[in-house]
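Written below as structure tokens is the structure these notes are about.
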Amino acid sequence: IALWVVGLLVVLTYYFVPQAAGLFEEVIELKERYGYFYSAVSTAIFGGLLPFTYLLWSGRVPQGAALSWGLFFVIYWTIRGVEVDAVYRLQAWLFGDDAEWRTVVKKVVVDQFLYCPIWAAPFTAVCYGWKDAGFSMSAYRPNLNRYLFLFQIPSVLLSIWIVWIPATAIIYSLPLELQIPLFNLVLCFFVLLISVLAPDSG
């Protein structure tokens, strides 16, 4: 609920607080100037570096694994930043870049009920499972079984839906150039939340 409130406040500020227009324009200009590079770097920071720093500070990173975990978090979320930006751009091309409720609903449905179950949730479950297996495919391979597809991936998908169905509705209510910045803000708190609720892994 806190994540939704933060996102909604950003959207309301954009549309109803003229004094904040300058700040939003600066963010828009930054996103337009650097494009996918902005998405890669900002998502690496908000989804990877900041949550990893918390895990390291709180003692949740296994001894001797700080470098490998740090690289994993940064590289993984760098890739996902570019990927999510591409999804947002594709949806804007398909459905438009307005905040009309029909447009927002179409984008949320495609995002959460096509992109997430087909790709995002399985990819996340496998990558994080590989990390928790010490980055060893031979150690992780036995986990590629029915339990992964019947329980682990659905549990990841459920956690995504609980937070991100309302969150993506809020994100898609902003212009395209502001969607990744708001995504990153929600993402940082989401990854931190998952880290807190999973004491043995990130």
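All residue numbers refer to positions in the sequence shown, counting from 1.
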- Task: Determine, using the 4.5 Å side-chain heavy-atom cutoff (strictly less than), whether Leu8 and Ile165 are members of one ILVMFWY cluster.
- Result: yes
- Query: Counting N and O atoms only, with roles assigned by atom type, does the side chain of Gln152 sit under 3.5 Å from a partner on the main chain of Ala125, one being a donor and the other an acceptor?
  - Reply: no
- Query: Taking a hydrophobic cluster as the set of Ile, Leu, Val, Met, Phe, Trp and Tyr residues connected by side-chain heavy atoms closer than 4.5 Å, whether directly or through intermediates, do Leu12 and Leu185 fall within one such cluster?
  - Reply: yes
- Hey, does Leu187 have a side-chain heavy atom less than 4.5 Å from the side chain of Thr43? yes
- Task: To the nearest 0.5 Å, tell me how far Arg33 CZ sits from Tyr38 OH.
- Result: 12.5 Å
- Item | Ring geometry between Phe123 and Tyr76 (parallel below 30°, tilted from 30 to 60°, perpendicular above 60°) | parallel
- Task: Please answer whether the main-chain N or O of Ala99 pairs with a side-chain N or O of Thr103 as donor and acceptor at a distance below 3.5 Å.
- Result: no
- Item | Side-chain (Glu177) to main-chain (Lys31) donor-acceptor, under 3.5 angstrom | no
- Message: I want to check something: taking the side chain as every heavy atom from C-beta on, are Glu32 and Ile28 in contact at a cut-off of under 4.5 Å?
- Response: yes
- One should read off an interatomic distance between Leu148 CG and Ile153 CD1, to the nearest 0.5 angstrom, of 4.0 Å
- Roughly how far, to the nearest 0.5 Å, is the OH atom of Tyr34 from the OG atom of Ser42? 13.0 Å
- Item | Test item: Trp77 side-chain N/O and Ala44 main-chain N/O as donor-acceptor pair under 3.5 Å | no
- Query: Between Ser159 and Val156, is there a donor-acceptor pair closer than 3.5 Å when you use the side chain of the first and the backbone of the second?
  - Reply: yes
- Query: Taking the six-membered ring of Tyr36 as reference, does the NZ or CZ atom of Arg89 fall below 6.0 Å from its centre and within a 45° cone about the axis?
  - Reply: yes
- Nearest-0.5 Å distance that lies between atom CG in Leu178 and atom CD in Glu25: 8.0 Å
- Does a sphere of radius 6.0 Å around CZ in Phe189 hold more than 12 heavy atoms from other residues, nucleotides or ligands, not counting ones at 6.0 Å or beyond? no
- Would you indicate whether Phe151, at its atom CZ, is surrounded by more than 12 heavy atoms from other residues, nucleotides or ligands within a distance under 6.0 Å? no
- Item | Residue pair Arg141, Ser136: steps toward the side chain to side chain donor-acceptor pair (under 3.5 Å) verdict | CA-CA 8 Å; Arg141 192 171 292 111; Ser136 169; over 6 Å; no
- Taking the inter-plane angle between the rings of Phe72 and Tyr128 on a 0 to 90° scale, is it parallel (under 30°), tilted (30 to 60°) or perpendicular (over 60°)? perpendicular
- Message: I'd like to know if Val126 and Phe149 are part of one continuous hydrophobic network [Ile/Leu/Val/Met/Phe/Trp/Tyr, side-chain heavy atoms within less than 4.5 Å].
- Response: yes
- Task: Find out if a path of hydrophobic residues (ILVMFWY) with successive side-chain heavy-atom gaps under 4.5 Å connects Val84 to Phe113.
- Result: yes
- Item | Rounded distance (nearest 0.5 Å) linking atom CZ of Phe46 with atom CG of Leu192 | 11.0 Å
- Query: Between the main-chain N or O of Ala65 and the side-chain N or O of Ser68, is there a donor-acceptor pair closer than 3.5 Å?
  - Reply: yes
- Task: Over 60° means perpendicular and under 30° means parallel, so classify the ring planes of Phe73 and Phe52, tilted if in between.
- Result: tilted
- Item | Hphob cluster co-occupancy, Ile75 + Phe135, side-chain heavy atoms under 4.5 angstrom | no
- Which atoms form the tightest heavy-atom contact between Pro175 and Tyr15, and what is the distance? CD-OH, 4.3 Å
- Atom CZ of Phe24 and atom OH of Tyr14: how far apart are they, to the nearest 0.5 Å? 8.0 Å
- Would you say Asp85's side chain and Tyr88's backbone share a donor-acceptor pair under 3.5 angstrom? no
- Task: Give a yes-or-no answer on whether the side chains of Asp132 and Tyr140 include a donor-acceptor pair shorter than 3.5 Å.
- Result: no
- Task: Determine yes or no for a side-chain-to-main-chain donor-acceptor pair under 3.5 angstrom, with Trp164 supplying the side chain and Gln112 the backbone.
- Result: no
- Over all atoms of both residues, closest heavy-atom pair of Pro51 and Cys188: CG-O, 4.4 Å
- Has the side chain of Lys107 got a donor or acceptor atom that lies under 3.5 Å from a matching backbone atom of Gly96? yes
- Message: How close do Leu174 and Gln179 get, counting heavy atoms only, and between which atoms?
- Response: O-NE2, 3.0 Å
- Message: Ignoring hydrogens, what is the shortest heavy-atom contact between Val191 and Gly47? Give both atom names and the distance.
- Response: CG1-O, 3.8 Å
- Query: Are the side chain of Thr168 and the backbone N or O of Ile171 linked by a donor-acceptor pair below 3.5 Å?
  - Reply: no
